[in-house]
Amino acid sequence: MAESNAVVAMNGEVHDIVNLLSSPERDFLIRNNGNAVKIDDLIGKKLGLYFSASWCGPCHRFTPVLAEAYEGLRARSNFEIVFISADEDDEAFNEYFVKMPWLAIPFADPEKRDSLDELFKVRGIPHLVIIDEAGRVISDGGVEIVREYGAEGYPFTSERVNELKDKEEDARRNQTLKSILANNTRDFVLSSDGNKVPVAELEGKIVGIYFWLASYKSCIDFNSKLLELYENLRAKGENFEVVLVPLDDDKESFNQSIKAMPWLSLPLKDKTCEKLVRYFELDTLPTLVIIGSDGKTLHPNVAETVEEYGVVAYPFTPEKFEELKRVEKEREEAQTLESILVSGNLDFVIGKEGAKVPVADLVGKNVLLYFTAHWCPPCRAFLRKLIRVYKEIKSKDDTFEVIFISSDEDQTSFDDFFSEMPWLALPFGDPRKFSLVRTFKVHGIPMAVALGPTGRTITKEARDLMASYGSEAYPFTDQHIKKLEAKFEEMVKGWPRSLEHGSHDHELALRRRTNYTCDVCEEQGQTWSYLCEECDLDLHLGCVFK
């Protein structure tokens with residue numbers, strides 16, 4: 001067997017390239033125009049085996065990325081790609097393959113496609129296996145390499161990836177505005193009217209790099225906050241600019257959106273957009289990265305800060321953030337029920353039948369702000385437990401109250417959900433909801449914030465505490481919870497470490513658990529459960545000993 005013809009598969013077996021890709025009746029691959037290419041022609045080339053399918057959404061998104069890298073390498077490398085389809089019919093295969101500029105195993109050879117799936121242990125698609133010129137598998141992570149580096153990742157070896165990572169680290173150390181925003185074919189950004197603005201004109205300014213997706217509601221909502229900040233700073237003569245990093249694919253939507261924005265933008269689908277996603281390790285939208293006047297990164301994301309503080313947060317320096325922390329602490333210490341629930345004439349919450357209850361009537365009580373919505377399955381599941389906890393606490397302490405703060409999308413959903421609740425609510429669509437969400441940094445629901453008799457925040461983790469301890473968690477103070485935890489730790493000392501239960505065939509083991517759903521009562525629990533690790537089955541202690 002010729003060395004140039006060999007491939008060492010991931011399982012250690014040695015294969016002949018021809019044998020790897022051919023069948024007894026077939027010694028060729030095909031192009032999307034129907035032309036056949038002899039497999040012998042691939043000997044000595046670097047290969048990418050591309051496992052993909054037309055029905056796979058991630059594949060549809062990755063294929064154009066791979067095609068761009070392939071076209072960039074075509075003229076300057078000895079690289080070829082072979083498509084191995086997971087499609088279920090010939091028509092779907094052809095419709096998908098026509099978008100690909102490379103070769104393919106014919107759809108009419110399912111045995112070979114299946115055997116390659118098994119050989120390379122393909123458990124998910126898209127999947128790209130890289131085979132070098134000598135025929136050795138050098139990576140089965142080609143998708144990740146191409147996504148991150150495109151044609152720059154060639155020859156797709158670990159050495160090349162490490163080299164690129166080192167270059168990125170060096171670029172971080174020597175970062176300039178030009179190194180972030182420009183590339184070897186473009187040294188400008190676009191104004192809203194389409195004019196080219198040299199990147200050099202932005203040097204010396206504080207620049208916000210704004211990652212943005214036109215269809216994403218959070219970005220749409222954030223635009224107004226950023227616009228207010230931008231116009232305020234420009235009116236004051238501050239040396240501040242924003243550069244949009246569009247993550248859209250739709251040119252028409254992008255063109256319409258950018259006309260309504262006064263700031264600058266990278267061109268749509270510019271290769272720098274994807275580079276910046278990786279460079280700044282984007283993990284949420286909206287993200288507004290702040291670059292200082294020296295070209296260095298001042299802050300990785302000030303979007304939340306802009307929403308909460310607006311222009312007061314400028315110029316986003318470490319000193320300014322320390323100042324904001326002091327302001328936040330002073331605000332928390334001065335917090336009262338009226339300061340967070342009263343806004344102009346809005347000085348009430350509602351009871352049943354829309355009866356108005358003055359906020360003043362709740363002063364001095366222990367109040368739970370309950371952020372939730374009817375459309376949220378975990379919220380509906382937790383409601384049963386909260387109603388039980390509420391009634392148990394109220395039977396012992398009438399100074400306890402809950403206020404429902406809805407994220408429902410219409411009045412009917414709000415009314416239906418509120419009808420199940422025995423407590424108070426903020427009216428549907430009440431603007432105070434948004435200030436409460438910002439104040440308590442509500443990023444997910446259900447969430448319960450406990451306020452003490454003075455109106456100060458006791459904990460934002462009341463939901464988890466009730467899931468763990470039920471009504472015993474009340475009044476949610478740190479001191480009370482520490483005593484409760486000590487009590488539970490002492491209590492479980494006498495419990496069996498493992499046991500059998502009539503609801504399950506396997507032995508259950510006592511385990512400390514952060515969060516689970518009981519498979520008997522279907523309610524959430526925390527802290528302790530009896531667990532079957534084999535079946536991932538949890539039982540509340542109460543359900544075990546019932």
Side-chain angles (χ1 to χ4, degrees), residues 308-309 326-373 382-383 386-408 414-415 417-442 445-466 469-481 483-484:
E308 188 166 353
Y309 296 100
R326 289 193 297 272
V327 170
E328 178 74 17
K329 187 175 180 181
E330 289 170 3
R331 186 168 67 185
E332 288 177 358
E333 290 174 350
Q335 179 178 296
T336 65
L337 203 62
E338 292 101 323
S339 72
I340 59 171
L341 283 180
V342 175
S343 177
N345 294 329
L346 298 173
D347 60 355
F348 61 89
V349 292
I350 58 172
K352 298 305 176 184
E353 308 300 328
K356 292 183 179 180
V357 178
V359 171
D361 290 358
L362 302 175
V363 172
K365 292 189 175 186
N366 289 299
V367 174
L368 198 72
L369 302 179
Y370 180 43
F371 298 86
T372 185
F382 183 68
L383 179 60
L386 183 55
I387 290 173
R388 186 170 67 249
V389 168
Y390 174 79
K391 290 178 177 178
E392 289 174 0
I393 295 173
K394 286 287 278 188
S395 69
K396 300 172 186 175
D397 185 356
D398 195 45
T399 66
F400 175 64
E401 195 50 80
V402 174
I403 300 174
F404 164 40
I405 300 165
S406 172
S407 290
D408 284 304
F414 171 88
D415 291 340
F417 207 28
F418 186 38
S419 68
E420 302 177 42
M421 303 174 183
W423 45 70
L424 305 173
L426 210 63
F428 175 74
D430 194 299
R432 288 174 290 175
K433 173 220 169 173
F434 301 102
S435 65
L436 290 170
V437 166
R438 286 197 302 272
T439 296
F440 297 108
K441 297 178 172 59
V442 179
I445 54 174
M447 179 174 170
V449 177
L451 308 177
T454 66
R456 288 179 62 179
T457 303
I458 295 174
T459 180
K460 298 175 187 176
E461 312 297 331
R463 176 221 173 179
D464 291 343
L465 294 174
M466 288 184 287
Y469 304 113
S471 60
E472 289 192 67
Y474 183 76
F476 311 110
T477 60
D478 287 343
Q479 185 179 11
H480 177 72
I481 297 303
K483 288 181 180 178
L484 204 57

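Residues: numbered from 1 along the sequence shown.
Here the straight-line distance linking atom CG of Asp408 with atom CG of Asp415 works out to 9.5 Å at 0.5 Å rounding. Atom CG of Asp397 and atom CD of Glu392 lie 13.5 Å apart (nearest 0.5 Å). Here the CD-CG distance, from Gln479 to Leu484, works out to 12.5 Å after rounding to the nearest 0.5 Å. In this structure, the separation between CG on Asp430 and CG on Leu346 is 5.0 Å, given to the nearest 0.5 Å. Taken from CG in Leu426 to CD1 in Ile350, the straight-line distance is 8.0 Å, to the nearest 0.5 Å. Note that CE of Met447 and NZ of Lys441 are 10.0 Å apart. Values are rounded to the nearest 0.5 Å.
Ring-plane geometry between Tyr474 and Phe476 is classed as perpendicular, the angle between the planes exceeding 60 degrees on a 0 to 90 degree scale with a lower cut at 30. The aromatic rings of Tyr370 and Phe382 lie tilted to each other, with the angle between the two planes from 30° to 60°. Between Phe414 and Phe428, the angle of the ring planes lies from 30° to 60°, which puts this pair in the tilted group.
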Tell me, with the steps shown, if Trp423 and Lys394 meet side-chain contact (heavy atoms from CB on, under 4.5 Å). CA-CA 11 Å; Trp423 45 70; Lys394 286 287 278 188; over 6 Å; no
From CA spacing to verdict: side-chain contact (heavy atoms from CB on, under 4.5 Å), Thr372, Leu383: CA-CA 9 Å; Thr372 185; Leu383 179 60; over 6 Å; no
Report the C-alpha distance between Asp478 and Thr459 in whole Å, list the side-chain angles of each, state the deciding distance to 0.1 Å, and finish with yes or no for side-chain contact (heavy atoms from CB on, under 4.5 Å). CA-CA 8 Å; Asp478 287 343; Thr459 180; 5.7 Å; no
Applying side-chain contact (heavy atoms from CB on, under 4.5 Å) to Ser471 and Lys391, what does each step give before you reach the verdict? CA-CA 9 Å; Ser471 60; Lys391 290 178 177 178; over 6 Å; no
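Here the closest non-hydrogen pair linking Ser407 and Ala373 is C-CB, 3.8 Å. The two residues Leu424 and Val349 come nearest to each other via the heavy atoms CD1-CG2, 3.9 Å. The minimum heavy-atom distance between Ala473 and His480, with the atom names listed, is O-CD2, 3.3 Å. When all heavy atoms of Gly452 and Asn366 are compared, the closest pair comes out as CA-OD1, 3.7 Å. Residues Gln335 and Gly455 come closest through the heavy atom pair NE2-O, 2.8 Å.
The backbone N or O of Ser435 sits less than 3.5 Å from a side-chain atom of Thr439, completing a donor-acceptor pair. Within the 3.5 Å criterion, the main-chain N or O of Phe418 finds a donor-acceptor partner in the side chain of Lys352. Judged by distance alone, the side chain of Glu401 and the main-chain N or O of Val367 form no donor-acceptor pair under 3.5 Å. Side-chain atoms of Arg463 do not come within 3.5 Å of backbone N or O of Ala448 as any donor-acceptor pair.
Taking the side chain as every heavy atom from C-beta outward, Phe404 and Glu420 never approach each other to under 4.5 Å. With a 4.5 Å cut-off on side-chain heavy atoms, Phe417 and Ser406 do not count as touching.
Side chains of Glu332 and Thr457: a donor-acceptor N/O pair is absent below 3.5 angstrom, by distance only.
Here the rule is side-chain contact (heavy atoms from CB on, under 4.5 Å) with Leu451, and of Leu362, Ile403, Ile340, Leu368 only Ile340 fits it.
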